[in-house]
Amino acid sequence: MTVPASASLRETPLAAAHRKQGARMVEFGGWLMPVFYSSILDEHQAVRTAAGTFDISHMGEFMIEGVGAASFLNSLLTNDINRLRIGDGQYSLMLNERGGVIDDLILYRADEEAFFLVVNASKIDEDRAWIEAHLPAEGVLFTDKSAEYAAVALQGPKADAILAELGWPRPERNGIVPARLPFLAFIARTGYTGEDGFEIFCNAASAEALWDRLLAAGAKPAGLGSRDTLRLESCYPLNGSDLSPERTPLEAGLGIFVSLTKEADFPGKARLLEQKASGLSRRLVALKAVGKSAPPRSHYHLFDGEKNVGEVTSGALSPTLGYGIALAYVDAGYAKPGQRLDLEVRGSRFPVEVAPKPLYKRS
Amino acid sequence: MSTSPIPEGLLYAESHEWVKIDGPIATVGITDHAQSELSDVVFVELPKVGKVVAAKAPTAVVESVKAASDIYAPLSGEVVEVNPALETEPALVNSDPYGKAWIFKLRLSDPAEAAKLHDAAAYSKLIAS
């Protein structure tokens, strides 16, 4: 008997809650996830103007602890762990030896020698294998908590007021605090939308209670569709689209999350130093359509006259801005804001312009 | 089980276009079920008037926030009119798929092809399965 493809899709502890809300479920990174409940545009708007909740239980959670944890992570990831006080979070990248991106992640310093890592859903297995292959013989304990944890993001200008009204702790930007809701949770002030907000991690068994309380407090359920348009307006890269094993974080414009001056060596560091010295040949830029255009989509090509100078990696019609926007890799000579290029859509050309990042910034 | 409206008197393609036949002219749009699957439509690419298409040929493109979807000619013919309202108001595809959001009209080259399309009852069964 053959197993249908859908049988291998995983569901989060909130799958039943999503269906109850009328969610349209789609496959994403091996998971069955809500793409929208009512409308991507409405959910996008709710996050920009009020507050939305996203199920992010599909994301992976790792614990790395022990006397050697900090030095191990400094020799595994691009950012400098020593900048983190207890309770601080940091965006970082895990690279292959060629300097290409295996995954981008957030890590939080839970304690002096205990770190909580949040990784992309589609990369959990690959990340775990890479980390285990690089673990030192002793002094560091690695545990994959992905199956035990659920997580919900509360994002939007009203997120802070909602947590205040619930009486839950509100950490500083990028910080994380433990909380009793009364079930044990960790509340981080991080997100992927460009708005103020929180990411709340708890045991899978408590996920529905967490979700229901946020909805009761006035947050609107929001799906992966709006999560994608929100992050794109804010120019946050998506691994697998804008980041890949063939692209370095320097090319992706993520140099501020790479410490080339820290003492620790990490996979890819030599390649990045070399690339920094020799100069980049291509860069990830933000684009905006000039005038009316079909929405840019990944893999569309960019032209200067007849010369192909780049390729879109993410694109959409921006719900907030009302015009087409994209992230694209272009030859370095075409990466300056103001540069005009032509976007090819089904054989037609539409003018676009390289724009400063982010395309949307909250006021 | 779908609760999308499926008007009687129209014909339906398996690729979710509806067709209204009026003598030699067929008006084409997408069904309520299709617009609901696509969600928010943000862009419609109309064919050029005068374009000659075969049945099942990609003829227009409807783009939602998430993706671009081809709209197929349900029948063979020549595009004789397109709906310019969709260029300025693509969301009509969501709000009035069987009315103001008609996409193009064809002058049919082989009206007998219509026998291959579904009536409302058959289309209803198709989307329920």
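We name chains A, B, ... by the order of the sequence lines, and we start the count at 1 in each one. These numbers come from the heavy atoms of this one structure, side chains and all, not from hydrogens, waters or symmetry mates. This structure is a prediction, so every number in the text was calculated from the model and none was measured.
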> Where on B:A67 is there a heavy atom nearer than 4.5 Å to chain A: the side chain, the backbone, both, or neither?
Replying inline: backbone
> Around atom CZ of A:R362, are there more than 12 heavy atoms of other residues, nucleotides or ligands at under 6.0 Å?
Replying inline: yes
>> Shorter than 4.5 Å, heavy atoms on both sides: which option in A:S293, A:P319, A:G324, A:G315 has the most such pairs with chain B?
In response: A:S293
> How long is the gap from CG on B:D40 to CD on A:E43, to the nearest 0.5 Å?
Replying inline: 8.5 Å
> What is the minimum heavy-atom distance between A:F36 and B:S36, and which atoms define it?
Replying inline: CZ-O, 4.2 Å
>> Other residues, nucleotides and ligands only: do more than 12 of their heavy atoms fall within 6.0 Å of NZ on A:K158?
In response: no
> So does A:R297 pair up with B:E63, basic N to acidic O under 4.0 Å?
Replying inline: yes
>> Is A:S39 in contact with chain B via its backbone, its side chain, both, or neither, using a 4.5 Å heavy-atom distance?
In response: both
> What do you reckon, is NZ of B:K20 surrounded by more than 12 foreign heavy atoms closer than 6.0 Å?
Replying inline: no
> How about A:K292: does its NZ atom have over 12 heavy atoms from other parts shown lying under 6.0 Å from it?
Replying inline: yes
> Side chain, backbone, both or neither: which part of B:V44 has a heavy atom under 4.5 Å from chain A?
Replying inline: neither
> When heavy-atom pairs shorter than 4.5 Å are enumerated against chain B, which of A:D228, A:V345, A:I40, A:L317 gives the highest number?
Replying inline: A:I40
